[in-house]
Structure formats: structure tokens, C-alpha cells
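Some notes on the structure that comes next.
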Protein chains: 2
Amino acid sequence: MDKELLGIKVVRKMISLISTGVYRPERKLPAERKLCEQLGVSRGTLRQGLADLDSMGVVKIVPRSGIYIKKYSDKKLPKGILPPNFKNISLHDIVNARKIIEIPAVALACEKAGKDKIAILKNHIIKMEQSIDDLPEFLKYDMLFHQTVVSASENKVLVTAFESISEYLKYSQVYTSVHEGEEEKAMKYHKKIYAAIKNKQKKAGVKILANHLNDILESVKS
Amino acid sequence: MDKELLGIKVVRKMISLISTGVYRPERKLPAERKLCEQLGVSRGTLRQGLADLDSMGVVKIVPRSGIYIKKYSDKKLPKGILPPNFKNISLHDIVNARKIIEIPAVALACEKAGKDKIAILKNHIIKMEQSIDDLPEFLKYDMLFHQTVVSASENKVLVTAFESISEYLKYSQVYTSVHEGEEEKAMKYHKKIYAAIKNKQKKAGVKILANHLNDILESVKS
DNA sequence: GCAATCTGGTACAATTAATATACCAGAAAT
DNA sequence: ATTTCTGGTATATTAATTGTACCAGATTGC
């Protein structure tokens, strides 16, 4: 049985942080001394993981300057690889699966969401509003909002299930079907869902999300 | 970031081996010197893991006799046992996630299951009956049955989501159908689900599965 | 311009986890 | 009665991780 070296945990964590947009391509990472504090490892261990990420081409370490996330690192990440059967999947199935998972999740979220998750939800809404003229950005925070809702259910198994299909969501036409003018509508839905979770209004939250996803389902049927 | 102690991996591995029926409740485990060779760890590390399993009530260590797998009375899944990426997962969460995904899936399966999937389901039931005295085989086909049910929903996104949590199902199996004599009960339940899907009795299928998972959920609450 | 501060690169002792080895004592098999 | 099994224990060794310290180039503030 192999011992799990901390260095590879750092690699995994960093990939996760990059893929979720916490750290963004072309940008500089926090200094090593800050990073190792944030990740809760010693600097030596962090550097071990960073060296791996460097050799994988995910980051570039520049002496006396900083550590930079490479531009197209997303495509090299394991999670960035589309499932092979992607093209055989219908939008209808994607939205239906979302309904099945997200609706119970929002019900749980209304019961269990903590202040931290509520704060994150609010932040995502703010970011959505700020990037309402930048569709890729808008959709990114749309996505993060929904992931946070599932996360707020405090059921990590459900989170795992949802994460596994988030690639479908990302690359599907669902988001490109949010045409101009649809952003305002999406904003209203998200704000209502946020309010329902914050005020623990379970029935309202379920109803709003169901309507939201049904709207998407309608726009998909064509 | 917590260091992953090998002892915890031993605990996980042992639970996995018990849940897959390699080792069965009320029976004696191989001697420590054999076990640590099989698991690929030193005896000290193995004993550390076994001590945890003992304090959790999973096994009972009897000096100068052996290590015996206990029947579970404590349904709690202790922290830090499950795979490193998803810590603090409770059995409650696992069963809840199963409910959320499998119940809509069986409803869809009753609507959409084709002859091919029905044939596969029947085959899994036959294999389960044939291997009723071979627990690892039995649980294997038990698992395949559930995956086929979700697959019969004809929603590939849902299948992906379910596959991503199937690793956790075996942990829930530890506490459910692993005991001797439970196999017959599981058989009856699977046969009823199969009949409901075959005869497209949506409400019946949902009810049977919901009752079963609610039973498990109830026994878990303690 | 200069000094303080930042950056990654490096070295080394202390701590901790895991291994390998040996031996003990009771129990069971031969 | 002796060999061989069992878990319990002790210890030296190896390796991973931490913590601390310092280096040298680059940047920032005054």
C-alpha cells in the first residue's frame, strides 16, 4: 500500500483551485510563503508539489519573480477532458439530470446552508452582475453558483455526483442558449434562489429552481 | 492539509474488504503477519489501523487468538475513513444521495427500459441467486443491478453521476446487506424492482425502492 | 539613490511516520 | 513435550515533513 505523499496532494489541490477559477491562467500565484500557509503545508512540501506542476506544464516557476499559471493549462487537466460519449448525450438528459440532483439539493441547502456558503453564493451573484456583458464570465459564475448550491446541501456524495456531470454542463449548448436578454432573467432566478436559501424557505427554493430548470428545458426542446 | 496516515488507509482497505465480502462478520481475519503482507504495510502500521477498527467496533482483537469481525451495532461512519478527497462523509449522506438519484432513475427506467436492459437486469438477478453463498460475487451483481437500473433510465448524464458515487455504495453495503441471512431479503427486493420495471409499474417501482432506502436511512439515524 | 522588502533557491537540524527486526507469553496443534 | 501458532511489545533505522535560517536578485517606498 503506497504512502500518500503530501506533495501530490498539493498538486491535486492546486489543480482543483485552478479549475474552479480561484486562481486564473496567466496570473501569478500567491508567493510560496503565503501559499503554503493557505494550503497548510510546509514550504518544502509545497515546492515539491509546485515542481511537479511545473514539469506537467501547469505552472511556470520564475525565480525571483513568482509562479505563473500557464494559459491553456485547463486543457491539460484531467478534469478538462470531455467524457468520450459526450456527443451522444442530449441536452434534455443534461437538464433532466440537473433537475434530479439540484432540486433535492436546494431543498437540503435551505435547511443546512451555513453563513460561509451563503456568502459565497452572494459573491457569485455579484460577480454575475458585474460580468453581465461578458458572457463567458457570466456563465462561469452561473455555473459556480449552481455548484455552490449543491455544495450547500452539505451532502458531499451529492457534490461528487454533481461535479461529475459539471463538464457536460460546461460544454453543452445549455449556456450558449442563454441568448442576449436572457441574462436578466437568469439573474432574477439566481437572486430568488439565493434569497430562499438565505431565509430557509425550502418550498420557495424548490419551486424557483424547478421553474428555472424547466425554462432551460423548454428552450432546449425545439 | 492533513497528512494521510497509512493506518487510515488500512482502515479503509479493511472496510472495503469486509464490504465486498472478502472477510465476513463473525469470522476470524488472517493473522496479522499474513494480513500486513497482503496489504503491503508493516505490522506496526497494520496494528495501528486494526486498533482503530477495534475502537470503532468494527473488529475485536483477542490476544493469542485472533481478530474477529464484529456484527455492526454502531452505524456511524467515523471521520477520516473514506477516500481522501471526500472526507467527513456520513452513511446518512450516502443513502440520501442514493435516494435522490436512484428513485427518479427507477421511475425513468419504468418508462423507458428496453428489452436489452430488462434482459440484463434478469441476468444479474440470476447471477445473484447463483452466487448466494459467495458474498463477493453476490455483492458484485447487487451493485451491477443497481447500476443497470440507473442505466435503464436511458439518461447517460445520470449514469455518469451514479457511477461517480458507486464507490461509496459499497461502504453503505457494509452496514446493510453484508450480514449472513440478508441475502434472501435483498433478493426479494431486487426481484420486485425488476418486476416493476419489466411491467412498467412506475409507482410500484418508486415505492419499493423508496421504502427500502428509507428503511436504511431510518436504521442509520440513531 | 538607498534601504527595506519582496521573490524563489537552498541547506540543515528536529520531528514524526513507517519499516524491519527481534523477542515475549499464552494457546493450540503435533 | 515440543513446535508453531497467536497477539503484545520494544527498538533501531529509514524516510517524509516541518521549521528555521540564510542567499541573491528584483521590486517598492522614501
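A note on names: the letters A, B, ... follow the listed sequences, proteins ahead of strands, and every chain is numbered from 1. The structure presented is a predicted model; accordingly, all values stated were derived computationally and were not measured.
Atom C1' of nucleotide D:dA16 and atom CG of B:L6 are separated by 12 Å, given to the nearest angstrom. For the pair B:I8 CD1 and C:dA18 C1', the interatomic distance rounds to 14 Å; values are reported in whole Å. Summarising the geometry, the separation between OH on A:Y68 and P on D:dA26 is reported as 12 Å, rounded to the nearest angstrom. Straight-line distance from the CG atom of A:L5 to the P atom of D:dT18: 11 Å, rounded to whole Å. Atom NZ of A:K34 and atom P of C:dG8 are 12 Å apart (whole Å). Atom pair A:R64:CZ and D:dT27:C1' shows a separation of 13 Å (rounding to whole Å applied). Regarding B:E32, its CD atom lies at a distance of 16 Å from the P atom of C:dA20, rounded to whole Å. Rounded to whole Å, the distance from CD1 on B:I67 to C1' on C:dA27 is 16 Å.
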In sequence, state the C-alpha distance, the side-chain angles, and the governing distance for A:E129 and A:K191, and then conclude on side-chain contact (heavy atoms from CB on, under 4.5 Å).
CA-CA 10 Å; A:E129 280 191 312; A:K191 283 179 178 174; 2.6 Å; yes

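Between the side chain of A:D93 and the main chain of B:N155, no donor-acceptor pair closer than 3.5 Å is present.
For the residue pair A:K117 and A:S151, a side-chain donor N or O sits within less than 3.5 Å of a side-chain acceptor on the partner.
Between A:V62 and B:G7, the residue anchored nearer the 5' end of DNA chain C, judged by the nucleotide with its closest heavy atom, is A:V62. Summary of the strand contacts: A:Q48 and B:L29 both lie near DNA chain D, and taking for each the nucleotide with the nearest heavy atom, the more 5' one is attributed to B:L29.
Relative to the side chain of B:R33, the nucleotides C:dG8, D:dT6, C:dA18 differ in distance, and D:dT6 lies closest. Picking from D:dT17, D:dT6, D:dA16 the nucleotide with the shortest atom distance to the side chain of A:K3 gives D:dA16.
For the pair B:Y23/B:M14, a side-chain contact is recorded, criterion being any heavy-atom separation below 4.5 Å from C-beta on. A 4.5 Å side-chain heavy-atom check between B:L46 and B:E32 finds at least one atom pair inside the cut-off.
Checked against the 6.0 Å centroid criterion, the rings of B:H146 and B:H124 do not qualify as a close aromatic pair.
Contact annotation: B:R47 reaches the phosphate of D:dG8 (side-chain N/O to OP1 or OP2, under 4.0 Å).
Only B:V41, B:S42, B:R43, B:T45, listed by number, bring a heavy atom of residues 36-46 of chain B to less than 4.0 angstrom from any atom of DNA chain C.
Here the NZ-CG distance, from B:K3 to A:L5, works out to 10.0 Å after rounding to the nearest 0.5 Å.
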